[in-house]
Every structure is written in structure tokens, then in C-alpha cells.
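Heads up, the thing below is written out as C-alpha cells.
We use all heavy atoms of the structure for the numbers below, so side chains are in, but hydrogens, waters and symmetry mates are not.
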Amino acid sequence: MDHRAALAAIPPDRKSILHARSDIRGLVHLAGHLGAIALTGTAIATGIPGWPLLLVPHGVLLVFLFTLTHECTHKTPFRTGWLNEGIGHLTGTLIFLPFTWFRYFHLAHHKYTNDPLRDPELTGGERPETWPALLLYLSGWDYWRGAAATFWTMAFGTISAPYLPQRKHSAMRRDARWMLAAYLLAALSLPITPILFWLWLLPLLIGQPVLRIYLLAEHGRCPPVANMLENSRTTFTNRIVRTLAWNMPYHAEHHAAPNVPFHRLPDLHADLAPHLKSTAPGYAAFARDYAGRMSAADN
């Protein structure tokens, strides 16, 4: 059974419950995420004993704001529209991701998931299949290089990607330009105080490998088919990781029904679990399997 048939089998009244958005649920989850960032950030800023070790969890907390930015493109974390827009732009700025551009990039990814010719996530080539390519991917180099190219194109270049609607080009330019202006101001502050380096820039670099392996699990080595329960992977993990990632480890469920808010994905999983085709028992298990199969292919 593909995702369309599986969703059609869900009763209408249950679908209404699954699609219900909530400002309270979103704001409580956001408060927890930002509170954890504030806790690790304060410990680093005050220089408690062993504070350099906190750069890793602080960085992981920061880079996983990506999952919230991603959800805001779907307008699902909050019921109130301006909260989705405002928080999407804010978190996108923190992780160097122009929000308006990303919304349409991501919607195209949903429409053409794992299609090697049309999925924009695969525009730069297939996912890593050799050790050098994997190590480069995990370093975050491709992310930062892609971000620089995107900012240049959105701010000063020709916007030509077919999935970026022309009516939004001016908004994309505004996003990129004011973000670049904000980054320039941040850079100018560094000779005065290195606080942004220690609390923002360095942790983002440190946290990238964790985010990269998480993102690789979403679609890596899933087949290029139309069934969202097969071309996207659900990874079974603990509550801490699910909370950190705004329940996006339920990724096949999210692709099957992207209008279901994060806090309802566990409920949707209960409906779709029998029909999932691509799953992993955890991120460590996924990484071992991915690396093992790559080694076998190299041999």
C-alpha cells in the first residue's frame, strides 16, 4: 500500500485531529529548545570549568534549529501564521538559511523526493557513496559552500531555478540582502568581542556532522519511487532525539502528510507504521549499515 492509499484509509474525523495545529504546543516546544541553548550558552559565556566541552551540545542544539526552520516552511509548528513566518526567518538567519528561498526549494524536494533529475537536494549530485565523499559531506563543507552560492545568487545573481516562482524573487533578494547585512554587522563585532564566535559561529561548525548524519538518514539509499513511505526513511530513536529534531525522525510520515504538525506525527505513525517500507532502528545503526554497504561496494 502506497502513501496515498494508506492516508485514504484514515477516517475523516481522525484526519481532522491529525491536522490540528497549536500555538501552545509549538511555543512550549520552542521554549524548551531555546532554553537548552540558553543554558549551554550561558555556561560557555561564563566560563565554567570544562566549558569547551559544552561547545558540542551547544552546537548540536543550534544546528537542529534547522528542523524547526524546515517545519516553518510548511506553516505547521504554530497555528498563527505570523509565528511560522517570523520564527522561520529568525531561525533561518541563525543557521545561514534564507527562509523564503528554502521554502520553495523544500517544497520542490517534497514534490520530487529522491528523483535524481528533479529533486533539488540532488542537484549537486547523488548522496555520498565513497569514503572521501562521505567525510566531505559530514564536515559540512557542501552545506557552507552551497549557502555561499545561494546567498550570492539570491542577493546579486540571476534567479533561474524552475521551482523558485518569479513572484517571490524580490522577497528572496530582500531576505538574502538583509541577512548579509546582519552577518556583516556580526563580523564587525568580532574584533571588539569574540562572544559571537564562541556562542554561534564555532558551535555551528562543530554541530554540522551530527546534523549531516541525521539528514542523510532521511533519504539516503531509499529508492527513487513515488511512494513516500518508501522513498523516505523513518528512524526509530529515543525521545531526546525526537524532541531535538521536532519529531522529524518520523520522516516517511512527514513526507506522506506534510501538513500534519510535528506534535501529531507520533499519532500519524500509529496509522502508517504497518505500511512503512524504509526504516532504521536508530542513527548509529543507520550509520553502520550505510558505511558497511559502502565498504562492500568499494571492495
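- Cation-pi geometry between Arg221 and Tyr290 is satisfied (NZ or CZ under 6.0 Å from the ring centre, within 45° of the ring normal).
- Between Arg233 and Leu216, the closest heavy-atom pair is NH1-O, 4.3 Å.
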Stepwise salt bridge (Lys or Arg N to Asp or Glu O under 4.0 Å) check, Glu129 with Arg293: CA-CA 9 Å; Glu129 290 295 341; Arg293 291 168 61 188; over 6 Å; no

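- Of all the heavy atoms in Phe286 and Ala280, the pair that sits closest is CB-CB, 4.1 Å.
- Linking Ile, Leu, Val, Met, Phe, Trp and Tyr whenever their side-chain heavy atoms come within less than 4.5 Å leaves Leu18 and Met1 in two separate clusters.
- Nearest heavy-atom pair across Tyr163 and Ala108 is CB-CB, 3.6 Å.
- Side-chain atoms of Thr80 never come within 3.5 Å of backbone atoms of Trp82 as a donor-acceptor pair (strictly under, hydrogens ignored).
- Although no hydrogens or angles enter the test, the distance criterion places a donor-acceptor pair under 3.5 Å between the side chain of His169 and the main chain of Leu164.
- Residues His74 and His110 have side chains in contact (heavy-atom distance under 4.5 Å, counting atoms from C-beta outward).
- At most 12 heavy atoms of other shown residues, nucleotides or ligands fall within 6.0 angstrom of atom CH2 in Trp152.
- Thr69 and Thr91 share a donor-acceptor pair across their side chains, judged by distance under 3.5 Å alone.
- Between His269 and His254, a ring centre-to-centre spacing not shorter than 6.0 Å is recorded.
- Rounded to the nearest 0.5 Å, atoms OG (Ser160) and CD (Gln166) are 11.5 Å apart.
- Around CD1 of Ile24, the count of heavy atoms belonging to other residues, nucleotides or ligands within 6.0 Å does not exceed 12.
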From CA spacing to verdict: side-chain contact (heavy atoms from CB on, under 4.5 Å), Leu97, Tyr143: CA-CA 10 Å; Leu97 192 64; Tyr143 176 78; 4.2 Å; yes

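- Taking OG1 from Thr40 and CG from Leu53, the interatomic distance works out to 13.0 Å, rounded to the nearest 0.5 Å.
- At least one donor-acceptor pair closer than 3.5 Å links the side chain of Thr67 to the backbone N or O of Phe64.
- Transitive grouping of hydrophobic side chains (ILVMFWY, heavy atoms separated by less than 4.5 Å) brings Val56 and Phe197 into a common cluster.
- Side-chain contact annotation: His109 with Asp119, donor-acceptor N/O pair under 3.5 Å present.
- Following chains of ILVMFWY side-chain contacts shorter than 4.5 Å, one cannot reach Leu90 starting from Leu61, and the two form parts of different hydrophobic clusters.
- Remark: the backbone N or O of Ile44 is not paired with any side-chain donor or acceptor of His58 at under 3.5 angstrom.
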Worked check of side chain to side chain donor-acceptor pair (under 3.5 Å) between Gln208 and Ser139: CA-CA 7 Å; Gln208 274 298 321; Ser139 74; over 6 Å; no

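- Residues Leu94 and Leu204 are not in side-chain contact: their nearest non-hydrogen atoms beyond the backbone lie 4.5 Å or more apart.
- The closest donor-acceptor contact from the side chain of Asn231 to the backbone of Asn114 lies at 3.5 Å or more, if one exists at all.
- Partner Trp246 forms a side-chain hydrogen bond (donor to acceptor under 3.5 Å, both in side chains) with one of Glu71, His70, His33 and no other, that one being His33.
- Taking the six-membered ring where the residue is Trp, the centroids of Phe151 and Phe156 are separated by 6.0 Å or more.
- Residue Arg242 places its CZ atom among more than 12 non-hydrogen atoms of other residues, nucleotides or ligands, all under 6.0 Å distant.
- No continuous path of ILVMFWY side-chain contacts below 4.5 Å connects Trp141 to Leu201, so the two sit in separate hydrophobic clusters.
- Between Thr243 and His29, the shortest heavy-atom contact is O-NE2, 2.8 Å.
- The environment of CD1 in Ile240 is sparse: at most 12 heavy-atom neighbours from other residues, nucleotides or ligands sit within 6.0 Å.
- Counted by atom type alone, Thr113 and His255 present one or more donor-acceptor pairs between their side chains at under 3.5 Å.
- Taken together through direct or relayed side-chain contacts under 4.5 Å among Ile, Leu, Val, Met, Phe, Trp and Tyr, Val28 and Phe262 form parts of separate hydrophobic clusters.
- At a threshold of 4.0 Å, the pair Arg127-Glu218 does not count as salt-bridged, since none of the basic side-chain nitrogens sits closer than that to a carboxylate oxygen.
- Ring pair His275/His3: centre-to-centre distance not below 6.0 Å.
- Listed for the Arg21 side chain is a donor-acceptor partner under 3.5 Å among the backbone atoms of Lys75.
- For the pair Lys277 (side chain) and Pro223 (backbone), a donor-acceptor distance under 3.5 Å is absent.
- Looking only at distances, a side-chain donor or acceptor of Asp23 sits under 3.5 Å from a matching main-chain atom of Arg79.
- A donor-acceptor distance shorter than 3.5 angstrom exists from the side chain of Asn84 to the backbone of Phe78, with no hydrogens or angles considered.
- To the nearest 0.5 Å, atoms CG (Leu185) and CG (Leu180) are separated by 11.0 Å.
- You'll find the side chain of Pro12 stays beyond 4.5 Å of the side chain of Lys15, heavy atoms only.
- Phe102 and Phe66 have their aromatic ring centers within a separation under 6.0 angstrom.
- For Pro274 against Ala270, the heavy-atom pair with the smallest separation is CD-O, 4.3 Å.
- With hydrogens and angles ignored, the 3.5 Å screen pairs a side-chain donor or acceptor of Ser278 with a backbone N or O of Glu230.
- For the pair Asp267 and Arg14, the tightest heavy-atom approach, listed with the atom from each and the gap, is O-NH2, 2.9 Å.
- Ring-plane geometry between Phe96 and Trp200 is classed as parallel, the angle between the planes falling under 30 degrees on a 0 to 90 degree scale with a further cut at 60.
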